[in-house]
Amino acid sequence: MATFEPVLTRNWNVPDARSLKVYESRGGYQAARKALTTMDPDAVVNLVKDSELRGRGGAGFPCGLKWTFLPKDRKETLMCVNGDESEPATFNNRYLLERDPHMFLEGILISCFATRASTSYVYLRFEYIEATRIIEEAIAEARAAGHLGKNIYGTGFNLDVWVHRGAGAYICGEETGLIESLEGKRGWPRIKPPFPAIEGAFRKPTVVNNIETLCCVPHIVERGAAWFKSIGTPKSYGPKLYTVSGHVEKQVCVELPLGVTCRELIDDHAGGVWKGRKAKAAVPGGISMGLLSADELDTPLDFESLRKPGCLGLGTAAVTVIDDHTPIIDYLVNTSRFFAHESCGQCTPCREGTGWMSKTIHRIKNGGGRIEDLDVMLHLAENLGIIPGTTICGLADGAAWPIKNALAKFRPELEEYIRTHQTPGAGPTPLQLDVAAGRRVDLFQVGNAIAAPPPAAALHSPGRPDA
Amino acid sequence: MSAEAPARPPQRIALLTEPLREQIRALFPRYPSKRAVTLPALHLVHEHLRCVPLQAMSEIAELLEIAPAEVHDTMSFYGFFPQAPIGDVRVWVCRSLSCMLRGGDELLGHACRKLGIHPGETTPDGKLTVEFAECLGICDHAPAALADDGRVYGPLDEAGVEAMLDELKRGRKDGPTRA
Ligand SMILES: Cc1cc2nc3c(=O)[nH]c(=O)nc-3n(C[C@H](O)[C@H](O)[C@H](O)COP(=O)(O)O)c2cc1C
Ligand code: SF4
Ligand code: FES
């Protein structure tokens with residue numbers, strides 16, 4: 001591969017790069033000027049379509065194509081920028097916001113021009129407190145300098161950008177959950193169709209894009225679609241911000257061509273697995289995507305290759321490394337707890353399923369597991385999500401994939417864990433077993449003997465002797 | 001009306017001050033509907049009162065011309081807005097995967113033991129509220145914690161947690177600083 005020139009991160013080490021002056025001095029807003037003053041909106045859409053830029057928010061949907069779904073005869077278009085970034089282990093959007101806010105605003109400007117949106121809502125998760133402050137400042141600066149507001153560059157194009165803050169709900173990252181939340185309602189994802197491009201926020205045609213997706217746009221305008229497609233792997237073009245965290249020496253966010261391998265990330269960029277240990281597994285792209293085992297670490301992290309090892313996809317390209325001292329059950333306890341906590345509760349399979357899953361896994365962890373629980377979990381995981389078609393949004397698939405992958409790749413370890421971790425009293429009660437087996441129960445005899453579950457023990461800690 | 005008209009019970013004192021109402025109204029032009037101002041209004045009220053009591057909720061509803069139940073519906077979904085005041089500083093300790101792998105759960109336990117409270121509670125002196133959180137998006141600092149004035153802490157260990165609590169007890173910082 002030719003030497004890779006980072007673009008998304010090119011200003012990160014420049015002093016004061018956040019300020020408009022420095023950003024402009026490094027060629028900032030030139031792409032926006034070029035697009036607005038020399039190109040037709042549809043030409044920009046076609047350019048982005050030609051670049052085959054795929055959404056960086058998780059689903060990997062082709063960005064330009066999504067823009068063409070907007071009705072031709074629309075009167076008004078809205079742009080919602082998805083800055084909810086709550087997928088565990090993901091923080092690349094935060095880096096983009098904090099280190100180069102104007103690149104992001106330039107991305108919004110060009111994308112709104114292309115889609116003819118005159119209002120853009122930047123939905124930021126509440127926890128990005130500093131990023132919110134930085135973006136608000138940048139918006140004020142850009143507005144004062146005429147990059148936003150009325151009649152931008154004398155072209156007659158108007159654009160308002162407003163920051164809208166979330167309130168700590170993962171599900172508001174789902175695009176229709178985000179739209180509902182923006183409208184002032186609970187963040188319940190909508191049944192699709194209609195897709196947001198047809199009927200989105202405030203029932204108007206709406207574009208929803210991730211922050212990093214939009215940050216790619218100025219570079220595509222500046223350097224062309226062919227440049228973009230010269231980076232990456234087939235069907236996965238362009239630069240990508242990868243984040244690496246967990247059991248590595250250095251937790252980092254790096255820009256690399258799409259399709260680097262997990263091993264390269266760990267060894268070349270994150271300083272290797274911590275404490276000189278070996279990796280047991282790695283999460284390829286946020287916990288919804290599943291799990292790679294140690295011998296699958298050479299899988300390229302792009303939109304296509306991750307299906308082979310059975311993962312859901314590239315997701316947010318957020319790698320979490322798990323070392324060989326960590327029981328896989330701890331990973332499952334954590335992921336199942338997350339999804340049970342974050343399910344919005346609209347769909348029964350998701351609301352109940354994530355809860356059951358979490359309870360079952362906690363019971364196994366606490367020494368009350370049965371070998372047959374693993375099959376029950378697998379059955380549950382296979383019947384949960386939009387891929388089997390039982391739920392409204394993809395959260396449930398995200399909940400299912402860690403289970404499916406862990407069971408496919410680490411079943412012997414989980415069985416061994418169950419066999420060697422049996423604590424009397426932690427298992428199902430005789431009553432539960434009778435009910436499960438369809439036996440008649442004599443409630444009087446059972447009486448009040450149903451044992452309370454033991455307190456949940458603390459999870460894995462580094463250096464714990466049995467860990 | 002005669003001067004002897006029976007005295008009416010005093011009017012309830014509004015919780016939302018006029019400047020605060022003005023701040024909320026100023027957001028109306030940004031959105032096609034007033035209801036969309038629900039979350040921003042809740043945030044503004046929460047910032048001022050450190051909670052959103054029932055009465056504030058109905059005052060927001062009045063401003064936005066929607067039913068109080070609609071504000072409540074939204075507010076209760078997020079689990080972010082307490083109805084009774086929280087501490088001066090609210091700190092979230094992350095328990096999601098990358099932090100958990102590096103001891104996040106234990107550090108939350110340690111912080112709570114040090115303060116003698118449970119997750120979600122406020123210290124008796126009203127200075128600190130400690131909560132668990134799912135991934136805070138600061139995993140490069142894992143195991144990490146975030147204060148609601150924007151200060152980021154991590155990678156933490158037990159000593160780091162204690163130092164963090166001491167620092168936070170001294171109150172909020174206007175300009176967030178990096179730990
Ligand atoms: C449960 C769930 C959570 C999501 N969270 C996010 C998120 O935090 N940020 C994001 O950009 N996309 C998230 N997405 C994906 C969005 O629905 C949507 O695909 C994306 O914002 C589209 O933008 P893109 O095409 O630029 O990637 C999530 C999806 C699901 C199902
Ligand atoms: S799948 Fe789960 S999170 Fe998504 S809409 Fe249904 S209940 Fe809510
Ligand atoms: S996992 Fe703790 S901040 Fe992301």
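Chain naming here is simple, since letters A, B, ... match the order of the sequence lines and numbering starts at 1 in each.
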Item checked: Heavy-atom contacts under 4.5 Å, residues 21-38 of chain B to chain A -> B:Arg30, B:Tyr31, B:Pro32, B:Ser33, B:Arg35, B:Ala36, B:Thr38
Margin query: Under 4.5 Å from any heavy atom of chain B, what part of A:Leu182 do you find: side chain, backbone, both or neither?
Written below: both
Notebook entry, point to check: What's the spacing between A:Phe91 CZ and B:Ser98 OG if we round to 0.5 Å?
Noted result: 7.5 Å
Note to self: Once rounded to the nearest 0.5 Å, what's the spacing between atom SG of B:Cys99 and atom CD of A:Gln251?
What the structure shows: 7.5 Å
Next item on the list: Name the option with the most non-hydrogen atom pairs under 4.5 Å to chain B; the candidates are A:Lys204, A:Glu85, A:Arg125.
Entry: A:Arg125
Notebook entry, point to check: Among A:Ala169, A:Gly246, A:Pro88, A:Ala167, which has the most heavy-atom pairs under 4.5 Å with chain B?
Noted result: A:Ala167
Checklist line | Contacts of A:His269 that satisfy ring pair (Phe, Tyr, Trp, His ring centres under 6.0 Å) - sequence neighbours left out | finding: none
Check: Do B:Asp140 and A:Lys250 meet the salt-bridge criterion of a basic N to acidic O distance under 4.0 Å?
Finding: no
Notebook entry, point to check: What part of A:Val319 lies closer than 4.5 angstrom to a heavy atom of chain B: side chain, backbone, both or neither?
Noted result: neither
Next item on the list: To the nearest 0.5 angstrom, please state how far the NE2 atom of A:His341 sits from the OG atom of B:Ser96.
Entry: 9.5 Å
Note to self: With a 6.0 Å cut-off (strictly less than), is the heavy-atom count around CZ of A:Arg74, excluding the residue itself, greater than 12?
What the structure shows: yes
Notebook entry, point to check: Among B:Leu108, B:Leu97, B:Asp148, B:Leu146, which has the most heavy-atom pairs under 4.5 Å with chain A?
Noted result: B:Leu97
Checklist line | Which portion of A:Cys344 sits near chain B, non-hydrogen atoms under 4.5 angstrom | finding: both
Next item on the list: Look up atom CD1 in B:Ile138 and atom OG in A:Ser245, then write down how far apart they are to the nearest 0.5 Å.
Entry: 11.5 Å
Next item on the list: Looking only at non-hydrogen atoms, find the nearest pair between B:Tyr78 and A:Gly187 and report the distance.
Entry: OH-N, 3.5 Å
Check: Between A:Phe338 and chain B, which part of the residue has a heavy atom less than 4.5 Å away: side chain, backbone, both or neither?
Finding: both
Next item on the list: Examine whether an atom of A:Glu342 lies under 4.5 Å from a heavy atom of chain B, and if so say whether it belongs to the side chain, the backbone or both; otherwise answer neither.
Entry: side chain
Note to self: Counting only non-hydrogen atoms closer than 4.5 Å, does A:Thr90 touch chain B with its backbone (N, CA, C, O), its side chain (CB onward), both, or neither?
What the structure shows: backbone
Next item on the list: Against chain B, work out which of A:Tyr128, A:Tyr121, A:Tyr95 has the most heavy-atom pairs shorter than 4.5 Å and name it.
Entry: A:Tyr121
Item checked: Residues of residues 60-74 of chain B with any heavy atom under 4.5 Å of a heavy atom in chain A -> B:Asp73, B:Thr74
Note to self: Using a strict threshold of under 4.0 Å (side-chain N to carboxylate O), is an ion pair present between B:Arg102 and A:Asp323?
What the structure shows: no
Margin query: Please classify the contact between A:Val283 and chain B as side chain, backbone, both or neither, with a heavy-atom cut-off of under 4.5 Å.
Written below: side chain
Checklist line | Toward chain B, the part of A:Thr132 with a non-hydrogen atom under 4.5 Å | finding: neither
Note to self: Donor-acceptor check, side chain of A:Arg94 to backbone of B:Gly137, threshold 3.5 angstrom: yes or no?
What the structure shows: yes
Item checked: residues 129-136 of chain B: residues contacting chain A (heavy atom under 4.5 Å, by number) -> B:Phe132, B:Glu134, B:Cys135, B:Leu136
Item checked: Heavy-atom contact with chain A under 4.5 Å, split by part of B:Ala147 -> backbone
Next item on the list: Please examine the side chains of A:Phe126 and B:Leu39, heavy atoms only from C-beta on, and report whether any two atoms are closer than 4.5 Å.
Entry: no
Notebook entry, point to check: Do B:Asp149 and A:Ile129 have side chains that get closer than 4.5 Å, going by heavy atoms?
Noted result: no
Check: Got a donor-acceptor contact below 3.5 angstrom from the A:Asn334 side chain to the B:Arg95 backbone?
Finding: yes
Item checked: Interatomic distance, A:Ser181 atom OG to B:Phe77 atom CZ [nearest 0.5 angstrom] -> 8.0 Å
